[in-house]
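Data first, discussion second: the structure below is written as structure tokens.
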Amino acid sequence: MSLWTHLGYLVRRLDRRRAERDLDDELRAHLDLEIEGNVAAGMSMEEAIRAARRKLGSIAIAREDARAVWQLPLLEAVWRDLRHAARVLRARPAYATAAVVSLALGIGVCTAVFSAVDAVVLRPLPYPGADRIVELREVAGDGHRMRVAEANYQDVRARTGVFDSVAEYAVAVETVTGGTWPVRAVVVSATRDLFRVFRIHPIVGRTLLPEESTAAAPPVALVSHDFWRRALGARPELGGVRVEGESYAVVGVMPPGFDFPGRGDVWVARERLGGGGARTAHNWSVVGRLRDGVSLEQARADVSAVAVRLKKELGEGTDAADMALIRLQDQIVGDAGRALWILLGAVGLLLLIAVANVANLMLAQAAARQKEIALRAALGATRPRLVRQFVTEALLLALLGAGLGVLLAVAGVDLLLGLDRAALPRAGEISIDLRALAFTAGLSIAVAVALGLVTALRGSGVDLRASVAEAGGQRTAGAARARLRKGLVVAQVALAFTLLTGAGLLARSFAGLIAVDPGFRGAGAVAIDLSVTATTTLTKTDPAAQERVRRLYVELMGRIRELPGVTAVGAANALPLGGDGANGTFLIDDDRSRTGDAEYRVASPGYFQTMQIPLLRGRLFGPGDIASAPHVAVVSQSMARAIWPDGDAIGQRIQFGNMDGDSRLLNVVGIVGDVRDSGLDAAFRPTVYASTMQRPPPPTLSVVVRARADPLGLIPELRAVLQRLDPELPAEIRTLEQIAASTLDGRRFSLVLLAVFAVVAFVLALTGIYGVTAYSVGQRTREIGIRVALGARPRAVLGMVVGEGAVMALGGVAVGAAAALALARLIASWLYGVGPGDPITFVVVGLALAGAAVAACWVPARRAVRVDPIVALRAD
Amino acid sequence: MTERRRERERIDLLQGTLDLLILRTLRPGPAHGHRIAHSIEETSGDVLRVDHGSLYPALQRLERRGWITAEWGTSENNRRARYYRLTAAGRKQLGAESTRWEQLAQAIARVLAAPERGEV
């Protein structure tokens, strides 16, 4: 055959619609000719048509067969299989939904966790040759690792040749001004080689010059891309900033994402900090890049040898018995890496369970479709053809599951990162990217092949032998398999019960905590956290400076009070829920033998009204409580009860001078309600409030502003007030509700994580029960038929099938209850207001799970009831 | 009665022989599907039975291999019909297939005609 005929044929055949029309016309013409012939031979018209039809066979079949010849074989077949599979799934929505949701959950959590493992552990840090970057640590005689002393760093640097470049740095949170508004920022003081170690170049400007690396040089700074945008308005002309009051020229902006050593905002020359201190002052972090050709092992040996020599020379002069090099990635990822791997293992197990469940579902389907399969086999479908159909069906399920799973994973990653970004290193790099999608694709293909093969082998061929064997009395293999299936379901129910109970306990704790009265009203107020250390050198002995700060505070609160919409303003050195206020021991009546322990707060006269902390007895700070008047204190109710249980606290006197250096006695004038100091779940702490008008002003102050309307709307005006009053004053503004919510971050994280797993386990367990029950009903169609034929009522059949599921569910609940008690004891410290054995949680979860399990059995049970004994008995 | 017996005596075509018979039928000249089927049946003295349902897949198969081509024409009683015609390749294929078939038939005949021996 010539190439041209072949091509011509292909071209004609590509015009698919025409080809189909031709074929239809041709078949019709054939039929007509046959009918005419028959009529001519003397048949009646009706007879002629019937005979012609019989001879040509069903036109549809003839057409399909003819078409099959010119279809592109494999692709067409796959497409046809897919369409058939889609029809099968559409016709069985319960089965399709259960299977797809199971796979979606399994694949979704796997994808989400993989994306975290990939971003945090697998992918190298985003620097060129990142695996060559190491962190140097001193190792003490007892093996624990420490930061490095300056002199040790210098000696190691001088004596070893393993580094291409090496730098030391120290990190501090400092006040940076000169930008949009003053901020507390992470300032990294580093030697200029830091940027050589990372081989990183600024996107604007330059890094430090050699002549800038001295204490005497005019100070310069580099800023992070984030800081540049956030605080400097991303202006191309860089200008300058002030760090703790000292001016720095900004000479460069680092590329986006560079924030070494984590959340770094500003990099300045290490030399500004002066000498490094003693050889036992572990003030410095050291990071280096290994020289090309030096392996990590060689470098470790070399550095260790230097350290051992140093120790020999210096003896007690150094703490470093040895020195260690840690891959920077390991240092940054730390324990989170192992935790993530464990998590990936756990979700992998969930996926395996999901696949096992779906396999059961498919086997149940295969059993239910035995007639269809037999028919197709009889019509000439070969074994590979049937296997392909099953694999295609599995592929379709896996694809649907993967698609849905990716959506779940995207939502899940967003959810977890939104909950607590700080919980994980490199969290900013986590996303569902191409690598994660490739992982998902591979996973779903593996799932599809596994599912398809299991079903095809068990559903299309081997099962026949197995059922014959079972009929012949060899029940062991089948019974063992059934036991395994049921065991799996019991384990799943147990797992679901355990996780649901854990999540339930945490949810009840969470709800309890949210309902806890913090002792103040959070809604409708914002807090401004101020730090005056940058603008004023505040010492306890400098009355002029103290007066200046006090006047600043008074002026600020006065101006804020005048803003429209502000209803109250007050301030204290530490707010409730933060747990970061000072506390200590005070003397009762200045008597050294009578002491008490309390939180110490300095509050402004309007503080209690603004926070809406109720006055229980006595009075609050008044206009008469000025510096020259007797000093007064307001105490909390728990304080009054703890110190003066029998008498009246009001009129009593205490001395709390160790807090602020002022040993004048405090006269208790009022008792206020308790507030939750270190968290909603913490017990009340005895608290002493002194007045900002009498005591030395604190260096940090939180000003609380209560607004008539939405407090967030006030923030720009508050910024403007601060800017006008003192452009150097760093301030952070948050609503009280944000502060309260952030104290629950850790809990919310564990609650959501556990809840997600619990829901996944729950759905899997239900799918498992449904699948196993459906399978067993499918297998026992004949038995059920016999029972019905012998007079079993539908109720009894229903009870038998549901009972079987209920037994599995109850077994799972029993095992789960034991496991849940153990888990609850493990998380007892996270619980609030509920005991680890909380009967309500256990009963509700148990009932819900058992109820859902019975419901999951209901569908196949209904099918069993509808079994027609005649059909069932003829099934063989 | 004779009609029924004949029906019973008719033989289903062996797998693969339909292609050969189609090619042979087309040697004198073009024909449409219906004619091809009846021509085979008539020529065989109504012994061979052509499954009309499997005729068209065979025609498609032969066309695909380039042994026949098809075009629309008008039949003897003024019907539109698709006429099939042997190509040069088809003619060559017919020759080869015929030879092969004859060899096969002779071989089978020899086996059937062989003198019987005792059981081994």
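No hydrogens, no waters, no symmetry mates; every other heavy atom, side chains included, goes into these values. Every value quoted in this text rests on a predicted model; they were computed, and no experiment measured them. Chain identifiers are assigned alphabetically (A, B, ...) following the order of the sequence lines, protein sequences preceding nucleic acid strands; residue numbering begins at 1 within each chain.
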Spatial distance of atom CZ (B:Arg80) from atom CG (A:Asp25) [nearest 0.5 Å]: 5.5 Å

Quiz question: by atom type and distance under 3.5 Å, do the side chains of A:Glu26 and B:His32 form a donor-acceptor pair? no

Taking atom CZ of A:Arg83 as the centre, report whether more than 12 heavy atoms of other residues, nucleotides or ligands fall under 6.0 Å from it. yes

Run the numbers on A:Leu33 and B:Arg35 for side-chain contact (heavy atoms from CB on, under 4.5 Å), then give the verdict. CA-CA 9 Å; A:Leu33 286 170; B:Arg35 164 127 318 286; over 6 Å; no

Could you check A:Asp32 against B:His34 for side-chain contact (heavy atoms from CB on, under 4.5 Å), going step by step and ending with a plain yes or no? CA-CA 9 Å; A:Asp32 289 348; B:His34 186 252; over 6 Å; no

